[in-house]
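Chain identifiers are assigned alphabetically (A, B, ...) following the order of the sequence lines, protein sequences preceding nucleic acid strands; residue numbering begins at 1 within each chain.
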Amino acid sequence: MADPRFFDRAGPFTLAELASRSGAEVASGADPDLLLSDVAPLDQAGPGQLGFLDNRKYVEAFRASKAGACVVHPSLADRAPAGMALLLSPKPYRAYALCAQAFYPLPVASGAVSPAAHIDPTARLGEGVEVAAGAVVEAGAEIGPRSRIAANAVIGRNVRVGADSVIGACASLSHCLVGDRVVIYPGARIGQDGFGFAMDVAGHVRVPQLGRVIIDDDVEVGANVTIDRGAGPDTVIGRGCMIDNLVQIGHNVTLGTGCVIVAQSGISGSTRFDHHAVLAAQAGVAGHLTIGAGARIAAQSGVMRDVPPMTEVLGTPAQPKRQYFRQVAMMARLARGRSGRGDEHDGNE
Amino acid sequence: MADPRFFDRAGPFTLAELASRSGAEVASGADPDLLLSDVAPLDQAGPGQLGFLDNRKYVEAFRASKAGACVVHPSLADRAPAGMALLLSPKPYRAYALCAQAFYPLPVASGAVSPAAHIDPTARLGEGVEVAAGAVVEAGAEIGPRSRIAANAVIGRNVRVGADSVIGACASLSHCLVGDRVVIYPGARIGQDGFGFAMDVAGHVRVPQLGRVIIDDDVEVGANVTIDRGAGPDTVIGRGCMIDNLVQIGHNVTLGTGCVIVAQSGISGSTRFDHHAVLAAQAGVAGHLTIGAGARIAAQSGVMRDVPPMTEVLGTPAQPKRQYFRQVAMMARLARGRSGRGDEHDGNE
Amino acid sequence: MADPRFFDRAGPFTLAELASRSGAEVASGADPDLLLSDVAPLDQAGPGQLGFLDNRKYVEAFRASKAGACVVHPSLADRAPAGMALLLSPKPYRAYALCAQAFYPLPVASGAVSPAAHIDPTARLGEGVEVAAGAVVEAGAEIGPRSRIAANAVIGRNVRVGADSVIGACASLSHCLVGDRVVIYPGARIGQDGFGFAMDVAGHVRVPQLGRVIIDDDVEVGANVTIDRGAGPDTVIGRGCMIDNLVQIGHNVTLGTGCVIVAQSGISGSTRFDHHAVLAAQAGVAGHLTIGAGARIAAQSGVMRDVPPMTEVLGTPAQPKRQYFRQVAMMARLARGRSGRGDEHDGNE
């Protein structure tokens with residue numbers, strides 16, 4: 001059970017209610033009025049709790065589970081233990097996520113503006129906005145209804161934040177327009193100057209960065225992420241993008257809808273990601289490239305050329321997956337051959 | 001045009017004035033009194049606007065441009081469309097940067113100290129210093145004339161910041177001396193303990209870090225960068241260095257004049273960069289090395305040995321450029337040969 | 001000598017006192033009552049100062065040193081210059097670290113709570129707690145005796161911090177329990193949501209993250225580090241772990257006692273490090289793996305499989321050390337052979 005010091009639980013909910021919220025279907029034989037009070041892993045769940053099965057690897061845990069109910073793919077329903085109520089969904093993890101959100105919704109803005117917040121008189125706060133202690137909202141900034149500004153966050157001059165958004169503790173925003181239902185995590189830096197200058201031995205000369213950062217609706221920006229504003233065009237983060245911690249996004253970058261950018265990766269200036277492209281952890285993409293829709297760039301890859309849609313690449317320089325693993329295998333064979341020693345001798349290294 | 005909510009534009013300026021500020025020359029036939037009101041990309045610029053051409057790739061855009069004036073290399077002047085006024089410079093990007101700075105200068109310190117700033121009575125603020133809401137200036141700190149301390153920044157005990165510098169929102173400084181015209185971006189961490197301890201299974205024992213961080217004039221330090229103070233000697237950032245976001249600089253590191261350190265790269269303890277060395281994105285340099293003047297370390301490289309001056313290295317372990325690309329090509333050939341399949345079969349990966 | 005603006009020095013101490021604090025032994029012939037006033041590098045130390053020798057490379061500096069006293073391994077004692085007092089220790093760097101801590105102890109909490117700090121009336125502060133200006137302590141939070149909360153730090157709702165801990169400037173904590181003698185550096189982000197969601201083209205669906213971050217005693221967490229809270233289980237940082245700057249630790253990660261995690265490295269969700277494992281700079285570890293006790297993962301490595309205890313791996317994909325260097329050497333030979341050109345031709349690259 002989630003630590004009640006940190007989590008406020010809603011509910012209980014009936015099976016029917018959870019089905020309706022998650023788009024799942026109550027399996028025949030299950031009681032739609034069954035009351036459930038929490039979510040839990042299959043191996044820990046009890047009678048009043050909801051688990052989920054998303055991976056065939058865990059079928060045994062499913063069979064042995066004491067969970068009162070479970071979200072499961074229809075094809076695995078017949079493996080359920082007797083008496084377990086089922087919610088059927090072709091996307092069980094997604095349906096489970098929606099059920100879990102019912103029990104543990106994002107905290108609602110309290111509507112309280114702390115007397116210890118520093119809000120410029122020309123800033124405009126929508127209805128129900130919450131501003132915590134130490135937060136600074138500068139001149140002309142505008143915060144949409146029900147958004148929450150956490151402690152010691154800074155909303156810069158004339159920045160616009162939409163409705164139902166959350167700006168995390170100690171985050172700072174400038175030169176940007178932020179949509180609705182956006183979550184900016186603690187310490188994220190949005191809108192500072194991009195890294196643009198004329199290199200010169202007599203002293204580098206900074207080029208004024210005259211664009212903005214545009215963050216569309218339903219985006220999440222991880223902790224201590226940095227997103228620079230555009231140099232002239234804007235830096236644009238498309239609707240529903242998920243950006244993990246410590247990511248760097250350079251000036252003029254454009255991300256399409258639903259891109260996933262994993263921790264510590266970086267995207268150089270003016271590169272475009274089409275919708276639903278994925279950049280895995282610690283990978284880097286050079287500037288002025290196009291990454292096609294649905295492309296997947298593996299962890300730690302270094303991308304120096306465009307990546308076609310739906311392509312998976314890895315390595316530095318990044319190459320298609322099959323080719324990469326062929327090289328890895330080839331090198332291992334060669335190294336064994338040349339040294340005349342097998343890998344089994346390396347056991348103690 | 002830059003969003004007026006975020007950018008205050010100066011001007012207009014005459015062509016002659018811009019020539020004088022940028023060191024460019026008014027081309028014969030151009031009207032030195034021509035008034036220009038803004039900068040713009042060649043393909044968007046209109047009659048009152050100044051563009052620039054720095055790359056032969058864009059000669060066609062130059063020929064078709066409606067810009068009233070353009071900064072260009074003398075060798076390309078004859079490609080200009082009829083009626084366009086030219087500013088000639090052997091370094092057109094640098095000259096353009098200086099013109100753009102004329103239109104969009106760094107904001108001047110307002111001289112206002114927010115009543116919501118927390119300034120220790122023993123701190124000293126120079127003439128015209130601006131301190132925003134929530135900023136903290138601790139005991140004995142000294143801020144030079146016309147510097148700006150942004151919202152929720154923290155200037156630690158006895159820290160010295162020079163004149164005309166900017167400390168970004170939520171940045172924190174301790175144990176450091178900062179020069180003039182330095183820009184520290186939001187969330188940068190300067191002067192905390194370096195990562196020094198005696199490893200011991202019975203419990204690692206921290207070694208007190210007794211040095212400082214010295215940042216010379218005209219340096220820029222990117223968002224969420226971390227620069228640790230020295231262990232005994234100081235960590236030193238030379239004049240005019242440009243440091244991008246999320247960079248890590250370890251204790252006792254010394255950077256010479258004008259080094260360029262790109263995003264997410266890291267420099268381990270006691271390594272020295274001579275002047276104008278470049279470390280590209282996500283690269284790493286081991287400790288106790290010397291990187292020669294003007295050396296260039298490519299993105300994602302891992303440097304384990306000294307790099308001679310003016311040398312370009314890449315890869316992990318880093319090696320000279322030609323050698324690296326020869327290996328990459330050799331591996332691709334071998335992998336093709338061994339598998340008996342051509343790369344063209346991989347099109348759908 | 002450490003800059004007195006930034007460092008308060010304790011002492012002087014007698015040789016006997018330093019021996020007792022560091023577990024070293026006063027060498028025969030040395031005066032146990034010799035007074036020492038500071039630590040210093042061997043080549044700079046004078047009569048009243050203590051140096052150390054930990055590496056045979058510096059024996060010449062030792063022989064030439066004017067230090068009044070020196071910590072040294074017994075086996076090197078006979079190289080000391082005449083008149084130098086010796087402290088003998090089988091772990092001279094550790095003993096030196098303890099002596100240096102005597103001269104430069106961590107600042108003691110002043111017990112002062114700044115009137116410019118924002119402390120919720122339901123928060124509980126232990127005896128002697130120091131809270132600096134701009135710091136925010138939210139409802140129900142509990143800070144143990146003698147801990148220090150630096151300027152503009154944020155301690156979230158119901159967070160618990162133990163005794164004698166330090167929370168750095170602009171750091172933020174939520175959903176976490178922190179032990180005694182823990183040091184959180186400036187800008188660290190502890191306890192935000194992990195990166196968990198059901199990917200879906202119709203819109204990714206966030207999975208509520210219901211765990212916490214548990215940080216055991218004597219841990220150090222570097223500047224701008226991000227440690228996400230668990231998804232259901234907790235994220236756990238074991239006793240005495242040392243975590244360098246800009247590290248990312250994903251949800252459900254568990255670190256055993258005394259692990260060392262170097263700058264800019266990252267650990268993906270649900271991976272476990274057993275005690276005293278080391279992850280070097282910029283390395284990455286995939287999710288759901290086990291890294292054995294005392295294993296060492298080299299800088300920039302990419303780990304995709306479990307690593308056995310006491311094993312050293314490097315490269316991407318990571319492999320045992322000997323195997324990795326054999327491949328590097330093999331590739332260099334092949335590249336030379338294929339091109340018909342020796343490396344000596346690359347001198348000017």
Side-chain angles (χ1 to χ4, degrees), chain A residues 2-3 5-7 39-41 91 93-98 100-101 103-105 114 116 132-134 150-152 168-170 183 185-187 218 220 222-224 239-240 242 244-246 258 260 262-264 276 281-282 299-300 315-316 328 331-332 334-335 338-339 343 346-349, chain C residues 118 120 134-136 138 140 152-154 156-158 170-172 174-175 187 189 192-193 195 197-201 203-208 210-212 224-226 228-229 232 246 248 250 264 266 268 282 284 286 300 302 311-313 316-317 319-323 326-327 330-331 333-334:
Chain A
D3 188 331
R5 290 177 290 186
F6 299 122
F7 300 95
V39 290
K91 297 175 175 177
Y93 190 49
R94 182 178 187 280
Y96 168 78
L98 290 165
Q101 287 184 2
F103 288 108
Y104 297 98
S114 168
N152 286 350
C170 306
V183 182
Y185 284 67
D218 299 300
E220 304 219 352
N224 284 348
R239 186 165 50 77
M242 306 295 277
D244 200 354
N245 299 339
L246 290 169
V260 175
V262 187
Q264 296 178 316
H276 297 96
Q282 297 184 335
Q300 292 190 330
T316 302
V328 166
M331 284 191 292
L334 282 175
R338 291 250 161 186
S339 75
D343 272 347
D346 295 315
N348 66 339
E349 285 180 314
Chain C
H118 313 301
D120 189 275
V136 175
E138 298 190 338
N152 286 350
V154 175
R157 186 168 72 100
N158 291 333
C170 306
S172 59
S174 75
H175 305 84
R189 311 290 159 210
Q192 56 283 338
D193 285 58
F195 198 58
F197 52 92
M199 282 185 77
D200 197 287
V201 181
H204 308 309
V205 181
R206 173 155 283 284
V207 177
L210 303 173
R212 305 164 299 182
N224 283 348
V225 162
T226 55
D228 289 345
R229 70 173 183 262
L246 290 168
Q248 149 73 1
Q264 296 179 314
S268 302
Q282 297 186 333
Q300 293 191 329
T311 306
E312 188 168 354
V313 299
T316 303
Q319 48 187 318
K321 189 178 179 179
R322 197 185 309 172
Q323 192 172 316
R326 199 187 296 155
Q327 280 198 9
M330 177 272 298
M331 285 193 292
R333 277 195 310 268
L334 281 176

Kindly say whether [Y] contributes a backbone atom to a donor-acceptor pair with the side chain of [X] at under 3.5 angstrom?
| X | Y | value |
| --- | --- | --- |
| A/Gln264 | C/Leu246 | yes |
| A/Asp244 | C/Gly250 | no |
| C/Asn158 | A/Arg5 | yes |

At their closest point, which heavy atom of [X] faces which heavy atom of [Y], and how far apart are they?
| X | Y | value |
| --- | --- | --- |
| A/Arg94 | C/Gly203 | NE-O, 4.5 Å |
| A/Tyr93 | C/Phe197 | CE2-O, 3.6 Å |
| A/Met331 | C/Met331 | SD-SD, 3.1 Å |

Among C/Val225, C/Thr316, C/Asp120, C/Val205, single out the residue with the greatest number of heavy-atom pairs under 4.5 Å to chain A. C/Val205

Just give me the residue among C/Ser174, C/Gly211, C/Gly140 that pairs up with chain A most often, heavy atom to heavy atom, under 4.5 Å. C/Gly211

When rounded to the nearest 0.5 angstrom, what is the spacing between OH in A/Tyr185 and OG in C/Ser172? 12.5 Å

Measure the NE2-CE distance between A/His276 and C/Met199 for me, rounded to the nearest 0.5 Å. 7.5 Å

For each of A/Ser114, A/Gly315, A/Ala2, A/Ala223, tally heavy-atom pairs with chain C at distances under 4.5 Å, and name the one with the top tally. A/Ala223

Would you call [X] and [Y] a side-chain contact if the rule is heavy atoms closer than 4.5 Å?
| X | Y | result |
| --- | --- | --- |
| A/Cys170 | C/Asn152 | no |
| A/Asn245 | C/Phe195 | no |
| C/Gln282 | A/Gln282 | no |
| A/Phe7 | C/His175 | yes |

Interchain contact, C/Arg212 with chain A, by part (heavy-atom threshold 4.5 Å): side chain

Does any backbone or side-chain atom of A/Tyr96 lie under 4.5 Å from a heavy atom of chain C? Answer side chain, backbone, both or neither. side chain

